[in-house]
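The structure appears below as structure tokens.
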Amino acid sequence: MSAVNIAVRAFRKLEPEDIKLLQAMEEQMKNYEYAPKDAIQKQSEFAFSEIEYRLPLLIKNGLVQGWRGKYVGYGLTTAGHDALAINALVKADVIEAFGKPLGVGKESDVYNALAPDEKQVALKFHRIGRTSFKKTKLKRNYTVTYSYTPDWHHQSRISAKKEYLALKLLYPKGVAVPEPIKQTRHVLVMSMIDGAELYHYPELPNAQAVYDEILSNVKIAYQDADMIHGDLSPYNIILQPDMHILIIDWPQAVSTKHPNAKELIERDLRNVLTFFQRKYGLKNRLEDAVTYVTTNTKTNLTAQD
Ligand SMILES: Nc1ncnc2c1ncn2[C@@H]1O[C@H](COP(=O)(O)OP(=O)(O)O)[C@@H](O)[C@H]1O
Ligand SMILES: [Mg+2]
């Protein structure tokens, strides 16, 4: 079961005191990888008996893990961090019900959820520092357990924030990206989008139009938001059912004033162009793409309605 599934299942059973205890542990994890009971007690201001009662249940439900080294300590699991983020989103009326997985990337797990206005939203749980995983065979299927570096949560929080800020700049400029809704801890909430990664699309009726539309969006991002994606590839471009594209996955975006801006925009464009050349025989040239994107001329939006 994934961390998010564990978090959602446990979340339903949590009492306000459990949330408070998890929050106290989260706070103490700034000081300790595994916090001793004393520190948890001070932070939460609960009686020891309350902690003795609640900790084993939180461990049983997969939100907390114990550790025995020079001392005995307790830390939040990935699911524990996820549960706190979900709690914050429910409290803030951003989500009301939890849905299904939408995608698992190298550095994220993406789920859908229902907002109070009945809109579907996507929750991207950032997982920077997910190092390795173990596949274990259960009776009928496999379960995958990941390991994380100790500072994964800190890194993931930074990553979620960076992506949220990037989308906040890009979306109002008209770049084809999901609409940013909220960021809390390591989770980014955005509009749910339909379609599939360009890479997985079996065939394109008009590859040139799709390529042109990608370039015009890369250009608006560059010219109007001063931003370079930095990890552009056919995996981070979604083709929607109406054949228009969306560019996703922006946490590593950099400013056009970045010292490596030139290399990064060239690499982004090369990744896209090579794909279209190999798969669809497009004859466009990289220099032209770079000039088109980086020169401040009127953006050609003919590929869009
Ligand atoms: N807003 C969204 N709506 C629906 N699915 C999404 C959304 N954002 C991401 N996904 C799905 O999750 C996958 C991983 O997202 P991505 O942002 O590329 O993260 P990663 O850094 O893990 O590659 C995507 O390939 C896509 O299938
Ligand atoms: Mg991606």
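Note that the numbering runs from 1 along the sequence shown for the chain. Counting convention: from 1, in listed order, for ligands and their atoms alike.
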Check your understanding: Do we see a donor-acceptor contact under 3.5 Å between the side chains of Asn112 and Lys100?
Key -> no
Check your understanding: Looking just at side-chain N and O atoms, do Ser159 and His126 make a donor-acceptor pair shorter than 3.5 Å?
Key -> yes
Review point. List-wise, which protein N, O or S atoms are found short of 2.8 Å from the Mg ion (ligand 2)?
Key: Asn236 OD1, Asp249 OD2
**Study point:** Results of ring-ring contact (aromatic ring centres under 6.0 Å, His included) for Tyr34 - residues two or more places apart only
**Key:** Trp67
Check your understanding: Going by an N to O cut-off under 4.0 Å, is there a salt bridge joining Lys173 and Asp226?
Key -> no
Review point. Tell me: protein heavy atom nearest atom 19 (O) of ligand 1, and distance?
Key: Ser108 OG, 3.1 Å
Point to revise | Ligand-residue contact atoms, ligand 1 with Leu102, heavy atoms, under 4.0 Å | key: 4 (C), 5 (N), 27 (O)
Review point. Which ligand 1 atoms does Ala122 reach within 4.0 Å, using its non-hydrogen atoms?
Key: 1 (N), 2 (C), 3 (N)
Point to revise | Distance from atom 1 (N) of ligand 1 to nearest protein heavy atom, with residue and atom | key: Ser191 O, 3.0 Å
Check your understanding: Can you tell which part of Ala196 has a heavy atom less than 4.0 Å from ligand 1: side chain, backbone, both or neither?
Key -> neither
Point to revise | Asn31 versus Gln28, side-chain donor and acceptor atoms under 3.5 Å | key: yes
Study note, to complete from the structure: protein heavy-atom neighbour closest to atom 8 (N) of ligand 1 works out as Met190 CE, 3.5 Å
Exercise for review: Decide whether an N or O pair under 3.5 Å exists between Asn236 and ligand 1.
Suggested key: yes
Check your understanding: Less than 4.0 Å between a side-chain N and a carboxylate O, is that true for Lys42 and Glu45?
Key -> no
Point to revise | Gly103 neighbourhood, listing ligand 1 atoms whose heavy-atom distance to it stays under 4.0 Å | key: 12 (O)
Revision key, fill the gap. So CG of Leu123 and CD of Gln183: to nearest 0.5 Å the spacing works out to 12.0 Å
Practice item. Could you tell me whether the side chain of Asn217 and the main chain of Val175 form a donor-acceptor pair under 3.5 Å? Key: no
Point to revise | Top protein contact for atom 10 (N) of ligand 1, by heavy-atom distance | key: Val110 CG1, 3.8 Å
Check your understanding: Using heavy atoms and a threshold below 4.0 Å, how should the contact between Lys124 and ligand 1 be classified: side chain, backbone, both, or neither?
Key -> side chain
Revision key, fill the gap. Short version for Ile193: what comes under 4.0 Å of ligand 1, heavy atoms counted, is both
Review point. Looking only at atom types and distance, does a side-chain atom of Asp18 sit under 3.5 Å from a main-chain N or O of Glu15, one as donor and one as acceptor?
Key: yes
Review point. Taking the side chain from Asp109 and the backbone from Val4, do they hold a donor-acceptor pair closer than 3.5 Å?
Key: no
Review point. Ligand 1 versus Asp249, non-hydrogen atoms closer than 4.0 Å: side chain, backbone, both, neither?
Key: both
Revision key, fill the gap. Note: ligand 1 atoms sitting under 4.0 Å from heavy atoms of Glu197 are 24 (C), 25 (O), 26 (C), 27 (O)
Point to revise | Test: Lys219 cationic atom under 6.0 Å from Tyr292 six-membered ring centre, within 45° of axis | key: yes
Check your understanding: Do His186 and His81 get their side chains close enough for a donor-acceptor pair, meaning under 3.5 Å?
Key -> no
